[in-house]
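Note sheet for the following structure.
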There are 2 protein chains.
Amino acid sequence: MSESLLKHIQRKTELSALEEEKLLSKIKYRTLKKKEQLLKEGEVCDFFCFIEKGCCRIYLINEKGNEQTLQFGIEDWWIVDYMSYNTEKPSAFYIQAIENSEVLIIPKKELEQLFKEIPKLERYFRIVLQKTFAATQMRIKFLFTMSAEERYLHFKNAQPEFVQRVPQYMLASYLDFSAEFMSKIRAGKI
Amino acid sequence: MSESLLKHIQRKTELSALEEEKLLSKIKYRTLKKKEQLLKEGEVCDFFCFIEKGCCRIYLINEKGNEQTLQFGIEDWWIVDYMSYNTEKPSAFYIQAIENSEVLIIPKKELEQLFKEIPKLERYFRIVLQKTFAATQMRIKFLFTMSAEERYLHFKNAQPEFVQRVPQYMLASYLDFSAEFMSKIRAGKI
DNA sequence: TTCATTTCTTGAAGTAGTTCAAGTTTTTTC
DNA sequence: GAAAAAACTTGAACTACTTCAAGAAATGAA
């Protein structure tokens, strides 16, 4: 428990044994059952969440009552509503486990303190965010330039295991088309 | 010159006079004429660019030969192709000045060295990236949930000065619809 | 102050998707 | 292992946009 986070950090920067201990003392381990919600619309996202095992997503519910997935997260990813975290205003999103999952939670108050005590953590998160943002710039490129079918094929090609792991209707909404259209694409009816 | 960057950093963390000096010695000041390109598709984005004055954008040219704007940047914003920066692979994008602009360039080699010498810079960029990514999460929400007209009205309401400042066809592509459709929205023909 | 270039506008025709409704299959639960 | 719930499929009707083509207006350059 928490081993995977320490390893992930160690890949980007080095923490002393004391720093590791300090960090671990502030982390809450939590298990989530499939469909369990870690954050609901209207609540403030006052934590960072690291996925040790399993799979989660950020999604919203639109005017028509349909869910739209903004981001998936699997092992070794952070999943956070950064707008809510930064501003401490209510979130527009839900964070939910798609599979039974094990996550690590660092409350904002503790994390901000940790940044002061362990400056190397700044480096770790700077690198994580830089990587995440790079992926998001590319995602916008794909949304802008590819048709629905192209986005599906591209995703399937880039993340074949992942396509098996999540319901197709969630993947459809992540790729910004309807569940019905996903069915037609997969059946080759497009 | 470079005053605005130091101020921007000072708002998020404190640098000593020595650290400021070290940083400034690695920064290149550059002016860009309207339409001048700082990065072209196929080149590696091996720098961070800070806009002191003016307005720039990241865009791509799609299959049909049309430009699509991925991001605008104005005073006090960083504009970087993070995927190309991180991987050192050729960029899929162009970075271009929309107005005559003054920018600060930090080459990757220097910046990575600066991170080691001035750990507080990690904090500064962690905070900048966290804010940028928060804005991008919201942008995806808007792209997912709003109609073309709603996206235009929302943007106009949130950034009224900005709508005056850039050609409407660039804004249309940023909001992910055609220049012709922008015309119709503005004429109230929708 | 004219010519060239860039930007914006308009309408008509086309299309890549959505929506709806109903049925089928798969997975979960007790 | 039966019932309930969740996920997927299908076709028909619709719509929010795009594309094309041509002209008008605004801006920039000599």
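Naming convention: chains lettered A, B, ... in sequence-line order (proteins, then strands); numbering from 1 in each chain. Computed from a predicted structure; not experimentally measured.
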Can you measure [X] atom [atom1] to [N] atom [atom2] for me and round it to whole angstrom units?
X	N	atom1	atom2	result
A/Met170	D/dA6	CE	P	11 Å
B/Phe177	C/dG17	CZ	P	18 Å
B/Tyr169	C/dT7	OH	C1'	7 Å
A/Leu171	D/dA7	CG	P	14 Å
B/Gln96	C/dT6	CD	P	11 Å
B/Lys33	D/dT27	NZ	C1'	17 Å
A/Asn66	D/dA6	CG	P	15 Å
A/Arg151	C/dG17	CZ	P	7 Å

Task: Short side-chain N/O contact to C/dT9 OP1/OP2 from B/Arg186, under 4.0 Å - done: yes

Task: Partner of A/Phe48 under ring-ring contact (aromatic ring centres under 6.0 Å, His included), chosen from A/Phe125, A/Phe115, A/Tyr124 - done: A/Phe125

- [ ] Please confirm whether any donor atom in the side chain of B/Lys184 sits under 3.5 Å from an acceptor in the base of C/dG11, or the reverse.
- [x] yes

- [ ] Dump the intermediate steps for side chain to side chain contact (heavy atoms under 4.5 Å, CB included) on A/Glu41 and A/Leu60, then the final yes or no.
- [x] CA-CA 8 Å; A/Glu41 187 183 348; A/Leu60 56 82; over 6 Å; no

Task: Pairwise 5' ranking along DNA chain C for B/Ala179 and B/Lys35, keeping only the more 5' one - done: B/Lys35

Task: Steps toward salt bridge (charged side-chain N to carboxylate O under 4.0 Å, His left out) verdict (B/Lys141, A/Asp81) - done: CA-CA 12 Å; B/Lys141 178 194 148 152; A/Asp81 173 354; over 6 Å; no

TODO: In sequence, state the C-alpha distance, the side-chain angles, and the governing distance for B/Glu122 and A/Lys12, and then conclude on salt bridge (charged side-chain N to carboxylate O under 4.0 Å, His left out).
DONE: CA-CA 13 Å; B/Glu122 300 274 14; A/Lys12 293 174 170 79; over 6 Å; no

- [ ] Could you check B/Glu180 against B/Lys34 and say which one's nearest nucleotide on DNA chain D is further toward the 5' end?
- [x]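 Result: B/Glu180.
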
Which listed nucleotide ([options]) is nearest to the side chain of [X]?
X	options	value
A/Pro167	C/dT10, C/dT7, D/dA7	D/dA7
B/Phe181	D/dT19, C/dC8, D/dT18	D/dT18
B/Ser178	D/dT19, C/dT19, D/dC8	D/dT19

Task: B/Glu110/B/Lys28 ion pair, N-O < 4.0 Å - done: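 Judged by the 4.0 Å cut-off on N to carboxylate O distance, B/Glu110 and B/Lys28 do not form a salt bridge.
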
